[in-house]
Peer 1: 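The structure follows.
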Amino acid sequence: MNRVLLRQFFDRPTLDVAKELLGKFLVGKEGSKTIAAMITEVEAYVGHKDRASHASRGRTPRTEVMFGKAGYWYVYLIYGMHYCLNIVTERDGYPAAILIRGVEGISGPGRVTKYIGIDKRYNAVPASRTSGLWIEDRGVVIKPQSIRRSKRIGVEYAGSWKDKKWRFWII
DNA sequence: ACGATGATGAAC
DNA sequence: TTCATCATCGTA
C-alpha cells in the first residue's frame with residue numbers, strides 16, 4: 001500500500017508539507033534499478049520575499065519551475081559540483097519549494113542526489129512513477145516529538161530571513 | 001579552514 | 001562579455 005504523493009499533497013502551505021515529508025520515501029527508478037530511501041531532513045523556501053530562496057530575484061529561466069505548479073522537481077547545480085533536489089509546493093504562481101537535505105543513512109543535499117542518481121534531467125518534471133522520480137507514503141508514522149527544527153543551512157546572506165526556523169529533521 | 005568547479009544572474 | 005556569488009563536500 002505504497003501511496004505515491006501527487007500534486008494535491010504538495011499544493012498546500014510549504015511548512016506543513018515540509019514536516020509531513022519526514023518519514024516519506026524518495027524513490028528513483030532507472031531501467032530495472034530502483035532506489036528508495038526515507039526522507040529525514042528538509043528545508044523550506046517560501047515566497048518571493050524569502051531572500052534565502054532563489055525565487056527572491058524573480059522569475060528567471062532557472063527559477064521558473066518554482067513559480068509553477070506543485071509536485072514538480074526543481075534541480076539545480078550548486079558550487080559547480082553538487083545537485084540539489086527540491087519539490088515545488090503551493091499554488092501556481094507562488095514560488096515555494098522544499099529542499100531534500102537528507103535521507104536515511106545519507107546526510108547532505110549533494111549526497112542525496114548522488115546516492116539516488118539525480119541530475120538536471122529531472123528538473124521541471126513532475127514527481128511521478130512515469131518520470132522515474134517520486135515520493136511515496138509507506139505508512140511510516142513520525143511522532144511530532146521526534147521532529148526537530150532549526151535555522152536553514154548556508155543562507156547567512158539572507159538578512160532577517162536567515163533566522164527562519166524552516167529546517168526540519170527527524171531525531 | 002579552505003579549495004574545487006561551473007552555472008547563474010547582474011552589471012557593464 | 002565579464003565577474004561575483006553560491007540552499008556543498010571532502011580534506012585538513
Side-chain angles (χ1 to χ4, degrees), chain A residues 5 9-26 28 35 37-91 93-127 131 133-135 147-171:
Chain A
L5 301 183
F9 178 88
F10 302 105
D11 190 0
R12 293 187 292 138
T14 306
L15 297 187
D16 293 344
V17 178
K19 283 176 256 187
E20 291 179 35
L21 275 182
L22 298 171
K24 302 297 188 292
F25 281 73
L26 177 63
I35 300 180
M38 191 175 76
I39 296 169
T40 55
E41 182 183 350
V42 297
E43 267 179 10
Y45 291 84
V46 187
H48 67 279
K49 287 187 272 193
D50 178 2
R51 283 183 53 201
S53 171
H54 292 165
S56 65
R57 299 188 210 205
R59 286 182 188 249
T60 66
R62 180 175 65 156
T63 62
E64 184 65 28
V65 63
M66 284 189 75
F67 287 80
K69 286 181 288 196
Y72 281 69
W73 296 114
Y74 170 40
V75 182
Y76 65 90
L77 184 66
I78 189 68
Y79 301 117
M81 54 186 88
H82 304 290
Y83 290 103
C84 288
L85 176 68
N86 305 249
I87 186 74
V88 175
T89 57
E90 310 218 25
R91 65 175 170 78
Y94 184 81
I98 296 164
L99 170 65
I100 298 179
R101 290 193 57 89
V103 297
E104 201 164 28
I106 306 288
S107 182
R111 299 178 73 184
V112 168
T113 52
K114 186 178 178 188
Y115 175 65
I116 305 283
I118 293 160
D119 59 26
K120 287 198 80 170
R121 300 192 315 271
Y122 291 103
N123 186 50
V125 307
S131 73
L133 184 63
W134 67 94
I135 298 174
I147 296 177
R148 293 290 178 272
R149 70 186 293 172
S150 76
K151 296 193 231 180
R152 294 171 292 182
I153 304 293
V155 296
E156 289 303 307
Y157 58 86
S160 61
W161 296 87
K162 73 178 169 60
D163 295 322
K164 300 285 184 189
K165 292 183 177 170
W166 288 354
R167 172 180 175 234
F168 302 92
W169 73 97
I170 302 171
I171 54 162

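Proteins get letters first, then strands, A, B, ... in listed order; numbering begins at 1 in each.
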Peer 1: Take atom OH of Y83(A) and atom P of dG6(B), then tell me their distance rounded to the nearest Å.
Peer 2: 10 Å
Peer 1: Requiring both pairing distances under 3.5 angstrom, list the stems that contain DNA chain C and are made of three or more consecutive Watson-Crick or G-U pairs.
Peer 2: B:1-4 with C:8-11, B:6-11 with C:1-6
Peer 1: Which residues within residues 72-81 of chain A lie with some heavy atom under 4.0 Å of an atom in DNA chain B?
Peer 2: L77(A), Y79(A), G80(A), M81(A)
Peer 1: Write out a two-atom table: protein N or O, nucleotide N or O from nucleotides 10-12 of chain B, distance below 3.5 Å.
Peer 2:
none

Peer 1: For E20(A), which residues count as a salt bridge (charged side-chain N to carboxylate O under 4.0 Å, His left out) partner, sequence neighbours excluded?
Peer 2: R12(A)
Peer 1: Which residue, H82(A) or K120(A), contacts DNA chain B at a nucleotide closer to its 5' end, judged by nearest heavy atom?
Peer 2: H82(A)
Peer 1: How long is the gap from CG on L15(A) to CH2 on W166(A), to the nearest 0.5 Å?
Peer 2: 6.0 Å
Peer 1: Using the test side chain to side chain donor-acceptor pair (under 3.5 Å), find all partners of Y45(A) that sit at least two apart in sequence or belong to another chain.
Peer 2: E43(A)
Peer 1: Looking only at heavy atoms, which two atoms of V125(A) and S131(A) are closest? And how far apart?
Peer 2: CG2-CB, 4.2 Å
Peer 1: Specify the closest pair of heavy atoms between S107(A) and E41(A), including all atoms of both residues, with the distance to one decimal.
Peer 2: OG-OE1, 4.4 Å
Peer 1: Tell me the closest heavy-atom pair linking E90(A) and D11(A), and the distance in Å.
Peer 2: C-OD1, 3.2 Å
Peer 1: Can you list every salt bridge (charged side-chain N to carboxylate O under 4.0 Å, His left out) pair that touches residues 114-126 of chain A, not counting sequence neighbours?
Peer 2: E30(A)-R121(A), D119(A)-R121(A)
Peer 1: Looking at every heavy atom in both A97(A) and M66(A), which two are closest together, and how far apart are they?
Peer 2: CB-CE, 3.8 Å
Peer 1: Side-chain contact, heavy-atom cut-off 4.5 Å: I39(A) with F168(A)?
Peer 2: no
Peer 1: Counting only heavy atoms and a strict 4.0 angstrom limit, can you tell me which residues of residues 154-166 of chain A come near DNA chain C?
Peer 2: G154(A), V155(A), Y157(A)
Peer 1: Anything under 4.0 Å to a heavy atom of chain A counts; send over the first and last such nucleotide of DNA chain C, read 5' to 3'.
Peer 2: dC6(C) to dG10(C)
Peer 1: Of the non-hydrogen atoms in W169(A) and R149(A), which two are nearest, and what is the gap between them?
Peer 2: CZ3-C, 3.7 Å
Peer 1: Tell me which residues in residues 106-117 of chain A put a heavy atom below 4.0 Å from DNA chain C, sorted by number, or none.
Peer 2: G108(A), P109(A), G110(A), R111(A)
Peer 1: A96(A) and T14(A): which non-hydrogen atoms are nearest, and at how many Å?
Peer 2: CB-OG1, 3.3 Å
Peer 1: Touch check for R152(A), heavy atoms < 4.0 angstrom, all strands: base, sugar-phosphate only, or nothing?
Peer 2: nothing
Peer 1: Holding to side chain to side chain donor-acceptor pair (under 3.5 Å), I want the full list of residues that pass it with S150(A), two or more places apart in sequence or in another chain.
Peer 2: R167(A)
Peer 1: By side chain to side chain donor-acceptor pair (under 3.5 Å), which residues pair with K151(A), not counting sequence neighbours?
Peer 2: D163(A)
Peer 1: Report yes if the side chains of I116(A) and I106(A) come closer than 4.5 Å at any heavy-atom pair, otherwise no.
Peer 2: no
Peer 1: When the distance from CG of N123(A) to C1' of dA7(B) is rounded to whole Å, what number comes out?
Peer 2: 12 Å
Peer 1: Hey, is CZ on R57(A) packed in by over 12 heavy atoms from elsewhere, all under 6.0 Å?
Peer 2: no
Peer 1: Compare all side-chain heavy atoms of V155(A) with those of W161(A) and state whether any distance is below 4.5 angstrom.
Peer 2: no
Peer 1: Supply the atom-to-atom distance T113(A) OG1 to L26(A) CG, rounded to the nearest 0.5 angstrom.
Peer 2: 10.0 Å
Peer 1: Kindly list each side-chain donor-acceptor pair under 3.5 angstrom involving residues 67-88 of chain A, sequence neighbours excluded, with atom names and distances?
Peer 2:
residue, atom, partner, partner atom, Å
W73(A), NE1, L133(A), O, 3.0
Y74(A), OH, H54(A), ND1, 2.7
N86(A), ND2, Y74(A), O, 3.2

